[in-house]
Each structure stands twice: as structure tokens, then as C-alpha cells.
> 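Dropping a structure here in C-alpha cells format, bear with me for questions.
Throughout, protein chains are lettered first and strands after them, A, B, ... in sequence-line order, and every chain is numbered starting at 1. Keep in mind that the numbers below use all heavy atoms, side chains included, and drop hydrogens, waters and symmetry copies.
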Amino acid sequence: MSNPKLSPSFYQRQDVTSIAQELIGKVLCTQIDNDPLTSGIITETEAYCGRGDKACHANNDTRTDRTETMYQAGGISYIYLCYGIHHLFNVVTNVEDKADAILIRAIEPLDGKNKMLQRRGKQDVNPSLTAGPGRLTQALGITTSFDGTALTDNSIWIEDWEIGFSAPSLVATERVGVDYAGEDAKLPWRFYPQESKWVSQK
DNA sequence: CATTTGATGTTCT
DNA sequence: GAACATCAAATGC
């Protein structure tokens, strides 16, 4: 309860890759409708930059109905539907008109594990519960209806528990599933702690 | 084990 | 109509 939510000033800095690395170890929380609170430690992120990154939906300052959310000031959610099935959760960063975002790809469950199991239709808590961008959103109850929600709100937010991984050996690798982006697909903008098992496969 | 395929809907050409 | 920041189940070794 006493852990502070990250404030807009955290998200509105210019360097999206720095923020992506700092988000590792923070705690993503959701409290949807009247369901129990669910939360987990962020273990995997990917940075997307709206300028000079072909893998980003809003590359080259292209504005569409879908990407308009990313052009808002940092500190809100950007949630969109992928492959018609999966709701992918991103954190919008940078200031207004700078379309940067960070995809949250995996978490390690903390609170509300039973609720997550119920939402996912699973029996056991293991990495297949929340390791993967489509999985964690389902476990946390995140849908596109929360697109554009402020992360200072009481539905979705991120707290700083000052967890700090025992050996914060952060690994930077190529992003997943963005081969279509040519040269930009090779940018090492995917981050995760080497010792964590709660990381998506690939 | 590895690899393939079906589900599913929004966006953009 | 094709592509897509994916997952799970089915098939082939």
C-alpha cells in the first residue's frame, strides 16, 4: 500500500531505452471492476521509438487512429489488438507529439495469483501464466478498453518497490517478431534480467 | 523434441 | 485483401 506509483515525470523523459531498462523490476498492478488486485514484477520490456524506428507503429511520425494514443504525453497506456486475439500493453513515454512507447512483454506474478489463474484458465503458476505479451495482459485483465488510461489512475498503474534484482545483469537483445522492420529489427532494444525465468521464449 | 497451422479482428494498401 | 509487436494445439519426427 505504501509503495509509490511512478509519476508522470518518470515517463516523460526523452530517452525511451533508459526508461525501458528502469522499468525492469518495477511492479505492474491492475484492479479491474471489482476483481481482486493483481500485480507482477516487470521482467521483460521492449522500447519503440516513433522517429527513426521502422518497427514502431508510429514510425516516421505517421499518425493513424490507432497510434494517436502514442502521441500523447507519457504516463498513459497504449493497448492494441494483435493478430485479432491478443491485447498488448505498452507504456507511452516522452512528451506530447513524441510517439515513444515501451511494450511490456513479461511479468513475474505477485498478488492475486488465483485471479490470474482463473483469467487464464490455468491450474498452476508457472512461466506460461504471464511470460509473453499476450499472456500477461490476459492474466491481468487488460483489454483495449483501457487504451489511453492514465497510469496514475486506479485501474492500471506501476509501483516502485525498490526490488532490484539480486544480480541485475540486464541483457539487451534484438526485439521479437519485428523482422519486417529491416535494419531496425536488429536494434538491441529488448531488455530482461539474465537470471529470470519469467521471460518470453523465442 | 521441432515445426506447422488455425484462431481472430483491426489497420492499411 | 494482406499483413500483423501472438498463443496454443496439432502434427511430424
> Looking only at the side chain of A:R135 (C-beta and beyond, no hydrogens), which of the listed nucleotides C:dA5, B:dT10, C:dA8 gets closest?
C:dA8
> Fill in the dot-bracket string of DNA chain B, one character per base: . for unpaired, | for a pair to another strand, ( ) or [ ] for pairs within the strand, taking Watson-Crick or G-U pairs under 3.5 Å.
|||||||.||||.
> In whole angstrom, give the distance that lies between atom CZ of A:R120 and atom C1' of C:dC7.
8 Å
> Tell me whether the OP1 or OP2 atom of B:dT11 has a side-chain N or O from A:H57 closer than 4.0 Å.
no
> Taking A:R63 first and then A:E68, would you say they form a salt bridge - that is, a charged N and a carboxylate O separated by under 4.0 Å?
yes
> Could you check which of C:dA5, C:dC7, B:dC12 has an atom nearest any side-chain atom of A:Y48?
C:dA5
> Quick one: side chains of residues 176-185 of chain A, donor-acceptor pairs under 3.5 Å with protein atoms, not counting sequence neighbours, listed by atom name and distance.
unit_1 : atom_1 : unit_2 : atom_2 : d
A:Y180 : OH     : A:A55  : O      : 3.1
A:D184 : OD2    : A:K54  : N      : 2.8

> With a cut-off of less than 4.0 Å, is there a side-chain N or O of A:R105 near OP1 or OP2 of C:dC7?
no
> Want to settle it: does A:V178 or A:Q138 sit nearer the 5' end of DNA chain C, counting the closest nucleotide to each?
A:V178
> Rounded to whole Å, how long is the line connecting atom CG of A:N126 with atom P of C:dA8?
10 Å
> Measure the distance from CD on A:Q201 to P on B:dA2 and round it to the nearest whole Å.
11 Å
> Indicate whether OP1 or OP2 belonging to C:dA8 is found under 4.0 Å from a side-chain N or O atom of A:S128.
no
> Expressed as a whole number of angstroms, how long is the span from A:H87:NE2 to C:dA5:C1'?
15 Å
> Round to a whole Å and report the spacing from CG of A:L81 to C1' of C:dA5.
12 Å
> Could you check whether A:E46 pairs with A:R105 (Lys NZ or Arg NE/NH1/NH2 to Asp/Glu carboxylate O, under 4.0 Å)?
yes
> Using the P atom in both, what is the distance from C:dA3 to B:dT5, to the nearest Å?
16 Å
> So does A:E22 pair up with A:R13, basic N to acidic O under 4.0 Å?
yes
> With sugar-phosphate meaning primed atoms plus P, OP1 and OP2, does A:D65 contact a base, only sugar-phosphate, or nothing at under 4.0 Å between heavy atoms?
nothing
> Below 4.0 angstrom, N of the basic side chain to O of the carboxylate: do A:D53 and A:R175 qualify?
yes
> When all nucleic acid strands are considered with a 4.0 Å heavy-atom cut-off, which category describes A:R190: base, sugar-phosphate, or nothing?
nothing
> Quick one: do A:R190 and A:E44 make a salt bridge, cutoff under 4.0 Å?
yes
> Under a 4.0 Å N-O cut-off, is there an ion pair linking A:R51 with A:D100?
yes
> Nearest to the side chain of A:C82, heavy atoms from C-beta on, is which of B:dT11, B:dT10, C:dT6?
C:dT6
> Salt bridge check: are A:D61 and A:K98 linked by an N-O gap of less than 4.0 Å?
no
> Does the aromatic ring of A:Y83 sit over the six-membered base ring of B:dG9, closer than 5.5 Å centre to centre and tilted less than 30°?
no
> Picking from B:dG9, B:dC12, C:dT6, which would you name as closest to the side chain of A:L88?
C:dT6
> Which part of the nucleic acid, if any, lies within reach of A:R175 when heavy atoms closer than 4.0 Å are counted: base, sugar-phosphate only, or nothing?
nothing
> Base of C:dA5, side chain of A:H86 - is there a donor-acceptor contact under 3.5 Å?
no
> Taking atom P of B:dT10 as reference, at what distance in whole Å does atom CZ of A:R66 sit?
12 Å
> Take the protein atom OH of A:Y180 and the nucleotide atom C1' of B:dT13, then report the distance between them rounded to whole Å.
16 Å
> Which whole-number value in Å describes the distance from A:L103 CG to C:dA5 P?
10 Å
